[in-house]
There are 4 protein chains.
Amino acid sequence: MKLKDSKKERAIIDQTLDIVYETGIAGIKMSALAKRVGISPSTLYVYFENKEDLIVSIGLRLLKQINETQETTDARDTSFEQKFRAMWMDMLSFMLDYEKERNFLDQWKQSPYFDKVSLDAWNDHKKVNTALLQEGRETGIFKSLNNEIIHAVGAGIADQVVGLVKQGSLNLDESTKSYLSGIVWDALKK
Amino acid sequence: MKLKDSKKERAIIDQTLDIVYETGIAGIKMSALAKRVGISPSTLYVYFENKEDLIVSIGLRLLKQINETQETTDARDTSFEQKFRAMWMDMLSFMLDYEKERNFLDQWKQSPYFDKVSLDAWNDHKKVNTALLQEGRETGIFKSLNNEIIHAVGAGIADQVVGLVKQGSLNLDESTKSYLSGIVWDALKK
Amino acid sequence: MKLKDSKKERAIIDQTLDIVYETGIAGIKMSALAKRVGISPSTLYVYFENKEDLIVSIGLRLLKQINETQETTDARDTSFEQKFRAMWMDMLSFMLDYEKERNFLDQWKQSPYFDKVSLDAWNDHKKVNTALLQEGRETGIFKSLNNEIIHAVGAGIADQVVGLVKQGSLNLDESTKSYLSGIVWDALKK
Amino acid sequence: MKLKDSKKERAIIDQTLDIVYETGIAGIKMSALAKRVGISPSTLYVYFENKEDLIVSIGLRLLKQINETQETTDARDTSFEQKFRAMWMDMLSFMLDYEKERNFLDQWKQSPYFDKVSLDAWNDHKKVNTALLQEGRETGIFKSLNNEIIHAVGAGIADQVVGLVKQGSLNLDESTKSYLSGIVWDALKK
DNA sequence: GATGAATGAGCGTTCATTCAT
DNA sequence: TATGAATGAACGCTCATTCAT
């Protein structure tokens, strides 16, 4: 009796991320995906019920993974500014390291494969690091903005920076990262 | 002999923007589009060579249109801060007013219909308002950042704000807009 | 502008009846059907929405057709026995003449393509000739059976006779038909 | 070494009959069948060579079984009418008791799985009770009909009655059964 | 110019059967 | 014997595009 090969599942997911990165989520063709993985199209259906299940499963799995990764990043014992800027830099690094994953999530979110269930998981995922932002507000360090706007500023700048790095217009060394985190800080602090 | 009906062309474009807004760029189906416009599928091919031509033509036309619109926004005679913040608020308003157009451009950019030619036009389009940013740098008011980063800060925050407004989490009255432009200003000024 | 070809639709239906007669309703393959008709598989979808629509449409159309045909068979001015036996013989002839149609309806009825809507149409169709049976009961000529049983006797015998003729065990000349109608009459009369 | 498990074989056959009863012979899917039995799809192939073998084996086995069961039903010492009507009522009861089996045979007969070999076995099976019918003809009690027509009358009526009972239009108590057997008798007797 | 029928290429999916253990 | 993964050969269906009028 053959056992399900977890390497195969891994390969399917990786290739899917690559395809979405190259051609968009609409570019996923089950047969092309199978060919890239080196299996028969029907074998895909051993691992995922159908195309929708493939996409949604990967999306949910990525959200879970990201949450697990990020939870470990805010344990420091320095000033609030240092903690906050470190967190933002971590986020930026993360976004660069997991570019394909982020790209998949972005495309998934505005695709027809993104439904009610996915939305719940998505909202969970956005709550990460809310605690730190909350602290910034309550201690009167931040402007009196709601968390969503605070998050928007951090995420918006990071998004664009990632875009610049991706297209080669910006080289992100440590000092640049630090400099950028200063910008975010200036934007939010009173 | 009848000429191409420019109202019909307008209707095709409008319906395309709507479809992309509702279902994504991959949701464009020539027959469905024709039905929405109230014409036959084959008539579409009188106005556009094929699907790719339809999408690319719309994309290029939007880019051109946007440039024309934005050029008129910076004629004021007040302080630099006021001019800059006004420009940013204009940009924000513009992004909200032309939501469907922006959405089309976003989706187009990361679709297989976005090619070399489109990229050149796209880069042109981003140069808008560079002059003002340049002024900010040269007079030593802004941090010593290159224009791309300055643009990234403004655009990133605006992007996220638009997202919040779209999903109903933020009500954008004049005072909020002004408040937000202050954040951007704080981020960039020395 | 091409017009829908009603001969093509006719041909599709005829070939479908043939296929069902040869291989059963489960033997309908859209591509094989198209090949037999001499058109492309996709052209089938111009005339019918999908496989289910094809089958249900044919079924409903046959039911309607049969009702229209049968309504003209009972106008005679002879004794009740003669009228009844003539009606039964007509029914028998009809069943033999429209063998493929009957076969289609039989198979349709116990297929997954037979739904609520179909059932209503089906029940309408069975009401045919009820008037004559009713007369037989009310005048005290028939045994005191409900119409369903009376119908069952006539139809059951006719069914089996058709089976015998089809498999070549019985040659159905006029005298045999008359003889058989006598059996049915004997079964039902008091 | 384990032997083939006859309980497992029994379960496979039972589930197959159920599936055919529920969804038609075209609804047999090897994997679904396996799941219902509680075994692996591949285990089915230990008991039957392939899908055709499964169906044909079940069909032939049922035919054999039915013959064995029916042979014991005509041992009575009463009048010929009573014997005949008793036989018919037994047949009717049998048809109701073994509804799933009969349904399987009906569907099998007009499926692509019904071949030459099956036809021979089928014809054997129809010879049952011929002796009794023969006696009816030879003693001049029956109309001078060949056995096939006599059988057709009995079977046709029984078939339809079973249909009525199945769809709930007829409640088959003892007196109704007797009444119906009278109809059959009237149809055949001189 | 305008149309609706017609089509070929291709996609997602199913399923009987075999493979490897 | 028993298994679950793996697969190839189909099948139903879609859709951008062209044909014929």
Side-chain angles (χ1 to χ4, degrees), chain A residues 1-6 8-9 26-34 37-54, chain B residues 1-5 8 26-35 37-55, chain C residues 1-6 8-9 26-34 37-54, chain D residues 1-5 8 26-35 37-55:
Chain A
M1 177 183 90
K2 264 191 214 160
L3 285 177
K4 232 181 217 169
D5 184 349
S6 83
K8 212 166 270 178
E9 190 169 346
I28 302 178
K29 313 275 165 74
M30 297 302 269
S31 47
L33 170 57
V37 177
I39 58 177
S40 164
S42 42
T43 306
L44 287 177
Y45 292 84
V46 173
Y47 292 85
F48 299 93
E49 279 184 29
N50 50 40
K51 189 175 176 174
E52 179 174 3
D53 180 46
L54 169 75
Chain B
M1 185 184 84
K2 265 194 216 162
L3 287 173
K4 278 187 195 175
D5 181 348
K8 217 169 262 180
I28 301 178
K29 290 169 197 173
M30 298 300 269
S31 327
L33 170 58
K35 187 168 283 172
V37 175
I39 59 177
S40 164
S42 31
T43 306
L44 284 177
Y45 291 82
V46 173
Y47 293 85
F48 299 93
E49 278 183 33
N50 50 37
K51 190 175 176 176
E52 179 174 3
D53 180 45
L54 168 77
I55 293 171
Chain C
M1 176 183 91
K2 263 192 215 162
L3 285 175
K4 230 180 217 170
D5 184 349
S6 83
K8 212 167 269 177
E9 189 169 347
I28 301 178
K29 313 275 164 73
M30 298 303 268
S31 50
L33 170 58
V37 177
I39 57 177
S40 163
S42 42
T43 307
L44 286 176
Y45 294 84
V46 173
Y47 291 85
F48 300 93
E49 278 184 28
N50 50 39
K51 189 175 176 176
E52 178 173 2
D53 180 48
L54 169 76
Chain D
M1 183 184 87
K2 265 197 216 161
L3 287 175
K4 278 188 198 174
D5 181 345
K8 216 169 263 181
I28 301 177
K29 290 169 198 173
M30 299 300 269
S31 324
L33 170 58
K35 187 168 282 174
V37 176
I39 59 177
S40 164
S42 33
T43 306
L44 284 177
Y45 291 82
V46 173
Y47 292 86
F48 299 93
E49 278 183 30
N50 50 37
K51 191 175 178 177
E52 179 174 1
D53 180 46
L54 168 76
I55 293 171

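Below, read A as the first sequence line, B as the second, and so on, with proteins coming before strands; counting in each chain starts at 1.
For the atom pair CZ of B:F48 and CD1 of B:I55, the computed distance is 10.5 Å after rounding to the nearest 0.5 Å. The distance from atom NZ of B:K29 to atom NZ of B:K51, rounded to the nearest 0.5 Å, is 8.5 Å. Within the model, atoms NZ of C:K8 and CG of C:L44 stand 10.5 Å from one another, a figure rounded to the nearest 0.5 Å.
In terms of heavy atoms, D:A26 sits closest to C:A26 at CB-CB, 3.3 Å.
At the heavy-atom level, A:I39 lies under 4.0 Å from the strands shown only through sugar-phosphate atoms. Note on B:I28: only backbone sugar-phosphate atoms sit closer than 4.0 angstrom, heavy atoms only; bases stay farther off. Across all strands shown, B:F48 has no heavy atoms under 4.0 Å from either base or sugar-phosphate atoms. Nucleic acid contact class of B:K8 (heavy atoms, under 4.0 Å, all strands): sugar-phosphate only.
Comparing E:dA2, F:dG8, E:dC11 by their nearest atom to the side chain of B:Y47 picks out E:dA2. Considering only the side chain of A:T43, F:dA6 comes nearest among E:dT13, F:dC15, F:dA6. The side chain of B:S42 lies closest to F:dT18 when the candidates are F:dT18, E:dA6, F:dG4.
The interatomic distance linking A:L54 (CG) with E:dC11 (C1') rounds to 15 Å, in whole Å. Distance B:K35 NZ to E:dG4 P: 10 Å, rounded to the nearest Å. In this structure, the CG atom of A:L44 is 12 Å from the P atom of E:dT14, given to the nearest Å. Separating the NZ atom of C:K29 from the P atom of F:dC13 is a distance of 14 Å, rounded to the nearest angstrom. Rounded to whole Å, the distance from CD on D:E49 to P on E:dT17 is 10 Å. Following rounding to the nearest Å, A:M30 (CE) and F:dT14 (P) show an atom-to-atom distance of 18 Å. Taking atom CG of residue B:L33 and atom C1' of nucleotide F:dT17, one finds them 14 Å apart after rounding to whole Å.
Two residues are said to be in side-chain contact when any heavy atoms from C-beta on lie closer than 4.5 Å; A:L33 and A:L54 meet this criterion.
A sub-4.0 Å separation between OP1 or OP2 of E:dA6 and a side-chain N or O of C:Y45 is absent.
Along DNA chain E, the nucleotide nearest to C:G38 and the one nearest to A:K51 differ in position, and the one closer to the 5' end is contacted by C:G38. Comparing A:A32 and D:E52 against DNA chain E, the residue whose closest nucleotide sits nearer the 5' end is A:A32.
Under the Watson-Crick or G-U wobble criterion, with both distances below 3.5 Å, F:dG4 is paired with E:dC19.
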